[in-house]
Amino acid sequence: MSGSSSVKDKQRARQIVTGLKRQYGDIPWWPGDTGEVMIGAILTQQTRWENVEKALALLTEQGLCSIPALHAAAGPDIEAAIRCTGFYRMKTRRLAALAAYFEETCGGIGRMETMPTAVLREGLLSVNGIGEETADSILCYGFGRPSFVIDAYTVRMAACAGITTPRQDLKALFERVLPGSTRAYHQAHAHIVEYAKERCTRKRCEGCGISALSG
DNA sequence: GACCAGGTCCTTG
DNA sequence: CAAGGACATGGT
């Protein structure tokens with residue numbers, strides 16, 4: 001916890017953040033409304049984003065790309081639209097659970113806008129099919145809260161950079177290093193994904209460590 | 001054909 | 001409680 005490796009990890013995390021920011025500058029990320037972002041967050045689980053975009057387009061075409069619409073929709077219609085994202089039966093159930101939570105338990109998304117982030121996060125985690133990463137994606141990109149997202153790319157980048165902090169503590173590590181603004185969280189996560197998806201796959205990891213960033 | 005993708009849940013040992 | 005398996009399509 002307070003060992004010297006934690007100080008080094010902090011420095012390494014800072015180098016990842018600043019190095020990538022220098023390389024990419026501002027990049028756009030998830031311009032959709034809250035409902036669409038939440039749907040995308042479920043669909044992207046263990047799935048390439050390009051396939052998620054196709055599914056979102058199909059849902060939109062059919063007027064199903066919102067929480068109220070999903071809540072009213074028939075299962076098979078949802079399944080058909082999201083098939084290309086894989087795990088489509090499972091994801092249809094998860095979307096239904098998400099929609100039921102906001103429409104029935106919360107009384108609409110609007111009611112949650114003013115909730116404290118911690119309360120909102122607990123509520124999201126209580127929905128079957130929403131784990132830590134999905135919850136933080138929804139908070140950060142859907143509700144504009146400063147809750148940093150730790151995904152497979154971030155974990156690999158951290159490992160490549162020599163960070164030894166255990167996975168469950170990476171969120172706190174990056175949140176300590178970053179400025180507290182939601183925008184900073186958006187950008188840092190977007191940068192990591194942009195960088196890592198090209199060179200930091202399961203099998204190979206080509207220069208995704210800090211050495212490649214700081215020169 | 002094998003392997004992998006911006007996870008999560010349930011079942012075992 | 002850690003590890004393993006299931007969920008499933010689409011691209012390399």
Side-chain angles (χ1 to χ4, degrees), chain A residues 13 16-17 20 24 27-32 34 36-59 70 75-101 121-143 145-161 163 166-171 173-175 178 182 184-206 208:
Chain A
I16 289 174
V17 168
L20 290 175
Y24 290 112
I27 61 180
W29 191 259
W30 269 5
T34 304
E36 180 179 331
V37 168
M38 292 199 283
I39 294 165
I42 297 278
L43 295 183
T44 199
Q45 290 172 354
Q46 194 68 20
T47 302
R48 295 176 189 281
W49 181 252
E50 300 76 60
N51 294 329
V52 175
E53 286 185 313
K54 290 175 199 161
L56 288 175
L58 283 175
L59 287 171
L70 276 187
D77 290 340
I78 302 173
E79 289 186 355
I82 72 171
R83 179 160 293 124
C84 64
T85 68
F87 303 120
Y88 64 92
R89 278 184 281 258
M90 170 86 58
K91 285 174 179 173
T92 292
R93 271 185 264 126
R94 290 178 178 178
L95 289 174
L98 174 72
Y101 173 70
R121 191 168 194 272
E122 283 312 302
L124 288 168
L125 289 174
S126 76
V127 177
N128 190 292
I130 298 185
E132 304 242 333
E133 181 187 334
T134 306
D136 289 329
S137 286
I138 289 172
L139 287 170
C140 192
Y141 295 105
F143 285 90
R145 309 300 178 92
S147 196
F148 194 70
V149 181
I150 301 297
D151 56 19
Y153 289 148
T154 312
V155 172
R156 286 185 208 137
M157 282 285 292
C160 288
I163 291 173
R167 185 190 170 119
Q168 70 264 22
D169 296 330
L170 286 178
K171 177 177 164 67
L173 174 68
F174 277 93
E175 290 186 350
L178 285 163
T182 298
Y185 285 39
H186 283 186
Q187 289 298 309
H189 175 240
H191 289 155
I192 288 171
V193 171
E194 194 59 31
Y195 188 93
K197 75 181 178 187
E198 299 298 334
R199 6 193 167 195
C200 213
T201 62
R202 265 190 213 173
K203 292 215 77 158
R204 82 199 147 73
C205 204
E206 302 170 8
C208 65

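A note on names: the letters A, B, ... follow the listed sequences, proteins ahead of strands, and every chain is numbered from 1.
For the pair A/Thr92 (side chain) and A/Tyr88 (backbone), a donor-acceptor distance under 3.5 Å is present. A donor-acceptor pair under 3.5 Å is absent between the side-chain atoms of A/Tyr185 and the main chain of A/Cys140, judged by distance alone.
Taking only side-chain nitrogens and oxygens, A/Thr134 comes nearer than 4.0 Å to OP1 or OP2 of B/dT8. In terms of phosphate contacts, A/Arg48 brings no side-chain nitrogen or oxygen within less than 4.0 Å of OP1 or OP2 of C/dG11. For A/Asn51, no side-chain nitrogen or oxygen approaches OP1 or OP2 of C/dA8 to under 4.0 Å. Taking side-chain N and O atoms only, A/Tyr88 has no distance below 4.0 Å to OP1 or OP2 of C/dA8. The shortest distance between the side-chain N/O atoms of A/Gln45 and the OP1/OP2 oxygens of B/dG7 is not below 4.0 Å.
A straight line from CE of A/Met90 to P of C/dA8 spans 5 Å, rounded to a whole angstrom. As a whole-Å value, the separation of A/Glu79 CD from C/dT9 P is 11 Å. Taking atom NZ of A/Lys91 as the reference point, atom P of C/dG10 lies 12 Å away to the nearest angstrom. Taking atom CZ of A/Arg199 as the reference point, atom P of B/dC4 lies 21 Å away to the nearest angstrom. Straight-line distance from the CD1 atom of A/Ile42 to the P atom of B/dT8: 8 Å, rounded to whole Å. Rounded to a whole Å, the CZ atom of A/Phe87 is 13 Å from the P atom of B/dC9. Rounded to an integer number of Å, the gap from A/Gln168 CD to C/dA2 C1' is 13 Å. In this structure, A/Ile138 places its CD1 atom 10 Å from P of B/dT8, rounding to the nearest Å.
The gap from the C1' atom of B/dC10 to that of C/dT9 amounts to 22 Å, rounded to the nearest Å. Of the P atoms belonging to B/dG1 and C/dA8, the separation is 23 Å, rounded to the nearest Å.
Under the 6.0 Å distance and 45° angle rule, A/Arg199 counts as a cation-pi partner of A/Tyr195.
A 3.5 Å limit on both hydrogen-bonding distances identifies no Watson-Crick or G-U partner for B/dG1.
Classified by interplanar angle (parallel below 30°, tilted 30° to 60°, perpendicular above 60°), the ring pair A/Trp49/A/Trp30 is tilted.
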I'd like to know whether A/His189 forms a side-chain contact (heavy atoms from CB on, under 4.5 Å) with A/Trp29, so could you lay out the CA-CA distance, the side-chain angles of the two residues, the decisive distance to 0.1 Å, and finally the verdict.
CA-CA 10 Å; A/His189 175 240; A/Trp29 191 259; 4.1 Å; yes

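Note on A/Glu132: only backbone sugar-phosphate atoms sit closer than 4.0 angstrom, heavy atoms only; bases stay farther off. Among the atoms of the strands shown, only primed sugar atoms or phosphate atoms (P, OP1, OP2) are found under 4.0 Å from some heavy atom of A/Ile130.
Salt-bridge formation is not detected for the pair A/Glu132/A/Lys171: no Lys NZ or Arg NE/NH1/NH2 atom is positioned less than 4.0 Å from an Asp or Glu carboxylate oxygen.
Each of B/dA5, C/dT9, B/dC9 was ranked by its minimum atom distance to the side chain of A/Arg83; first place goes to C/dT9. Taking only side-chain atoms of A/Lys54, from C-beta outward, the nucleotide of C/dG11, B/dG7, C/dA8 with the closest atom is C/dG11.
In this structure, A/Arg156 and A/Arg94 both approach DNA chain B, and ranking their closest nucleotides by distance from the 5' end singles out A/Arg156.
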